Amino acid sequence: MEEMTSPLEANPFEAVTYRAGTRIQAATTMAQTQKMLRADAATMAWIWLNEPNADTITQLSEYFPIHPLAIEDAIQGQQRPKLDRYDESIFTALHPAIISEEGSAQIGELHVIVGTNYAITIRHDDFGILETAHQRFDQNPQLAKSGSLAVLYCVLDVITDSYLETLETLQDLIDEYESQIFEGNFTLSHQIYSISKFTADFSRVLRSTQHLTQNLISVYARQGEHPELRVYLNDVEDHLTRALERSETIHSSLWEILNIQSTLVAQQQNIEMRLESTQMKRISGWAAILFAPSLITGIYGMNFAVMPELDWLFGYLFALAMMLTIAFILYLIFKRKGWL
């Protein structure tokens with residue numbers, strides 16, 4: 001038996017064959033894989049296409065009975081999470097999601113095409129999902145005995161686990177945003193809105209993935225097929241339900257945080273405006289108090305020839321008393337109005 005290494009390397013194509021759940025041989029071309037499958041009806045192949053071009057995907061239909069619509073969807077990409085069941089194959093579009101601790105969020109895409117004795121995974125942005133699924137598949141021979149459909153389950157299961165990890169990271173971000181906002185950091189609107197938008201998209205992905213899982217379970221239930229896989233898929237569907245509920249709760253929490261931040265910002269602005277208004281009133285009040293003495297001194301400073309008070313014995317004291325009296329009256333008025 002060959003040494004078990006991950007097929008997800010730089011090669012655009014690689015495949016591993018299994019018999020009775022045990023990995024037996026690797027292949028590097030589609031023709032070689034097809035030859036192995038024809039030589040042994042009990043053999044199943046897991047085929048990897050790493051970011052293939054349109055020609056590579058088109059070649060699949062030359063070696064495997066894949067519906068033309070599945071080939072078209074795989075070439076076009078940008079598919080919503082969905083499951084299309086054809087006569088001889090199943091096409092599934094799945095969307096892994098990842099978010100960093102800094103809040104950088106992405107939703108990727110990968111496709112899984114399942115036939116009678118083959119499973120083809122087409123990776124684009126899978127964030128390491130297929131490596132993990134490959135390891136889990138090889139470590140569970142009992143699961144691998146279920147054949148090509150076990151590959152689809154395994155990928156679904158790993159993606160669902162990654163969804164739960166993403167939700168944990170989202171919750172940590174929310175807790176951090178709440179702490180910063182109540183500490184007075186009001187510069188997080190852009191980050192919160194961006195994460196909120198990602199969470200809305202993430203909820204749609206979860207809802208669609210849950211729907212396709214339920215669809216797969218119901219098809220097998222009606223046909224009485226794959227009872228063991230139905231049990232596993234029921235567990236995946238349960239996890240997706242919980243993930244969806246939590247995602248919607250997180251989305252609501254993010255909008256509540258935005259509303260709280262808006263309220264706190266408005267309160268802060270009102271406080272600043274009141275402080276500014278109080279300061280302006282205080283400045284205006286003292287300016288008015290100082291203006292009256294300045295007016296009187298300005299008049300007497302004009303040095304006109306005819307100013308009766310200049311020859312009056314009490315003229316100087318009268319001028320001082322008048323300035324002080326006017327200033328005191330103005331002070332009392334502004335103090336009563338709360339300007340000082």
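Computed from a predicted model, the values in this text were never measured in an experiment.
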Would you check, one step at a time, whether the test side-chain hydrogen bond (donor to acceptor under 3.5 Å, both in side chains) holds for Glu88 with Thr116?
CA-CA 7 Å; Glu88 297 184 76; Thr116 304; 5.9 Å; no
Run the side-chain hydrogen bond (donor to acceptor under 3.5 Å, both in side chains) check on Asn215 and His211 step by step: do they pass?
CA-CA 6 Å; Asn215 185 25; His211 178 72; 5.6 Å; no
Are more than 12 heavy atoms, taken from residues, nucleotides or ligands other than Gln76, located less than 6.0 Å from that residue's CD atom?
yes
If you apply the rule side-chain hydrogen bond (donor to acceptor under 3.5 Å, both in side chains), what do you find for Gln171 with Asp175, and how did you get there?
CA-CA 6 Å; Gln171 187 60 59; Asp175 294 341; 3.3 Å; yes
Measure from the side-chain N and O atoms of His95 to the backbone N and O of Leu206, and report whether any donor-acceptor pair falls under 3.5 Å.
no
Is the side chain of Ser208 donor-acceptor paired with the backbone N or O of Arg204 at a distance under 3.5 Å, no angle test?
yes
Which of parallel (below 30°), tilted (30 to 60°) and perpendicular (above 60°) describes His124 and His111?
perpendicular
Does Thr29 offer a backbone N or O that forms a donor-acceptor pair with the side chain of Thr33 under 3.5 Å?
yes
What is the distance from atom CD1 of Ile122 to atom CG of Leu49, rounded to the nearest 0.5 Å?
5.5 Å
Is the backbone of Ser196 close enough, under 3.5 Å, to the side chain of His251 for a donor and an acceptor to pair up by distance?
yes
Relative to the ring of Tyr118, is the ring of Phe64 parallel (under 30°), tilted (30 to 60°) or perpendicular (over 60°)?
tilted
Taking a hydrophobic cluster as the set of Ile, Leu, Val, Met, Phe, Trp and Tyr residues connected by side-chain heavy atoms closer than 4.5 Å, whether directly or through intermediates, do Ile98 and Leu167 fall within one such cluster?
no
CG of Leu233 to OG of Ser218: how many Å apart, nearest 0.5 Å?
10.5 Å
Would a distance-only check, ignoring hydrogens and angles, find a side-chain to backbone donor-acceptor pair under 3.5 Å from Thr17 to Ile24?
no
So which atom in Gln79 and which in Glu109 form the shortest heavy-atom distance, rounded to 0.1 Å?
N-OE2, 2.9 Å
Please check this pair: side chain of Glu248 against backbone of Ser203, looking for a donor-acceptor N/O pair closer than 3.5 Å.
no
Kindly assign one of parallel, tilted or perpendicular to the pair Phe137 and Trp46, based on the angle between their ring planes and the thresholds 30° and 60°.
perpendicular
Looking at Ile57 and Ala74, what are the two nearest heavy atoms and their distance?
CD1-O, 3.6 Å
Does any N or O in the side chain of Asn234 come within less than 3.5 Å of the main-chain N or O of Arg230, such that one atom is a donor and the other an acceptor?
yes
